[in-house]
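Take a look at the structure below.
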Amino acid sequence: MAHIPTATGRLPWRASVLTLFPEMFPGPLGVSLVGQALEVGLWSLALHQIRDFGLGRHRAVDDTPAGGGAGMVMRADVLAAAIDHARGTDADLPLLYMSPRGTPLTQARARALSTGPGVMILAGRFEGIDERLIEARGVEEVSIGDYVLSGGELAAMVLIDACVRLIPGVLGAEASLADESFEDGLLEYPQYTKPREWENRPTPEVLMSGDHKKIAAWRRAEAERLTRERRPDLLSED
Ligand code: SAM
């Protein structure tokens, strides 16, 4: 498939997802700014039904775990056939497997992925996938948090959303991105809007002062305070 440059002169950022439930997409990725960006071609979404590569009359994609135990495991041979097919058109995309065992997704990782050509994502189901597939196809495991979802599709959507909103042209004001949580290693400062006073709670005076230096200093101090209180781990990171 030829990749046609967008109005911004860039090639569209590509998301290619291997899933048993393609009907879940674009789902939340089809609305608001990310959805509009999909519509105008700032990014593209290719869906690959893993079951198309299943075995036998029932197109089986899974089997019982070696060594026994509950649940089913997705087969390496089936997944490899799906991946090799998807790579036929998107050989340059890094291959990620959404997995609670993976490296936690961070804003820095989303930013790095958003500046590349896109991502190919394997969404798992059941008890997960045969380990040999991970080794044989050079798969990077990525987690969206320390909890277990019933499938990788929602996790894939989270990752795609985090990347797409960083693509130039997707959000209106580029400046608003720089101030966001995690961008400078801090949580974001508190935000206020109109009315100036609500339920006897005034907007902090400094924000109404018009003194941009003072406002920036207040915001920085508040960001540091919130980070210290809520996420001290971020302050100790390099
Ligand atoms: N047995 C696996 C374990 O304990 O690690 C959990 C399998 S989970 C029920 C099914 C699929 O959901 C996984 O293969 C993965 O693709 C996805 N998944 C679940 N939790 C996730 C998380 N926190 N981050 C990313 N993907 C997740």
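Note that these values count all heavy atoms, side chains included, but never hydrogens, waters or copies made by symmetry. Note that ligands are numbered from 1 as they come in the structure, with each ligand's atoms numbered from 1 the same way.
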More than 12 heavy atoms of other groups within 6.0 Å of Arg132 CZ: no
Sub-4.0 Å atoms of ligand 1 with respect to non-hydrogen atoms of Gly128: 14 (O)
Nearest 0.5 angstrom please: Ser209 OG to Ile215 CD1, how far? 4.5 Å
Does the protein place any heavy atom closer than 4.0 Å to atom 26 (N) of ligand 1? yes
Identify, by atom number and element, the atoms of ligand 1 in contact range of Phe126, meaning under 4.0 Å from any of its heavy atoms. 7 (C), 8 (S), 9 (C), 10 (C)
What protein heavy atom sits nearest atom 15 (C) of ligand 1, and how far away is it? Met98 O, 2.9 Å
One finds that the ligand 1 atoms under 4.0 Å from a non-hydrogen atom of Val148 are 6 (C), 8 (S), 9 (C), 20 (N)
Of all heavy-atom pairs linking Val34 and Trp43, the shortest is O-NE1, 2.9 Å
Does any N or O of ligand 1 fall below 3.5 Å from an N or O anywhere on Tyr97, backbone included? yes
Indicate yes or no for a side-chain donor-acceptor contact from Thr227 to the backbone of Leu187 under 3.5 Å, with no hydrogens or angles considered. yes
Those atoms of ligand 1 less than 4.0 Å from some heavy atom in Glu127: 1 (N), 2 (C), 7 (C)
Have a look at Ala155, Pro100, Ala156 and point out the one with the heavy atom closest to atom 18 (N) of ligand 1. Pro100
Closest approach of any protein heavy atom to atom 11 (C) of ligand 1, naming residue and atom: Gly124 O, 3.5 Å
Give the atoms of ligand 1, by number and element, whose distance to some non-hydrogen atom of Ser99 is under 4.0 Å. 24 (N), 25 (C), 26 (N)
Straight-line distance of Met74 CE to Leu18 CG, nearest 0.5 Å: 9.0 Å
Side chain to side chain contact (heavy atoms under 4.5 Å, CB included) with Leu122: of Val17, Leu96, Ile50, only one passes, and it is Ile50
In ligand 1, the atoms that come under 4.0 Å of a heavy atom of Ile144 are 24 (N), 25 (C)
I'd like to check which ligand 1 atoms, numbered from 1 as shown, lie under 4.0 Å from a non-hydrogen atom of Val142. 25 (C)
Around atom 8 (S) of ligand 1, find the nearest protein heavy atom and jot down its residue, atom name and distance. Leu149 O, 3.2 Å
Which heavy-atom pair separates Ser114 from Leu166 by the least distance, and what is that distance? OG-CB, 3.6 Å
Compute the minimum heavy-atom distance from Leu122 to ligand 1 and say whether it is under 4.0 Å. no
Salt-bridged, Glu197 to Arg201, with N to O below 4.0 Å? no
Given Leu95, which of Asp90, Ile121, Val139 fulfils the side chain to side chain contact (heavy atoms under 4.5 Å, CB included) condition? Val139
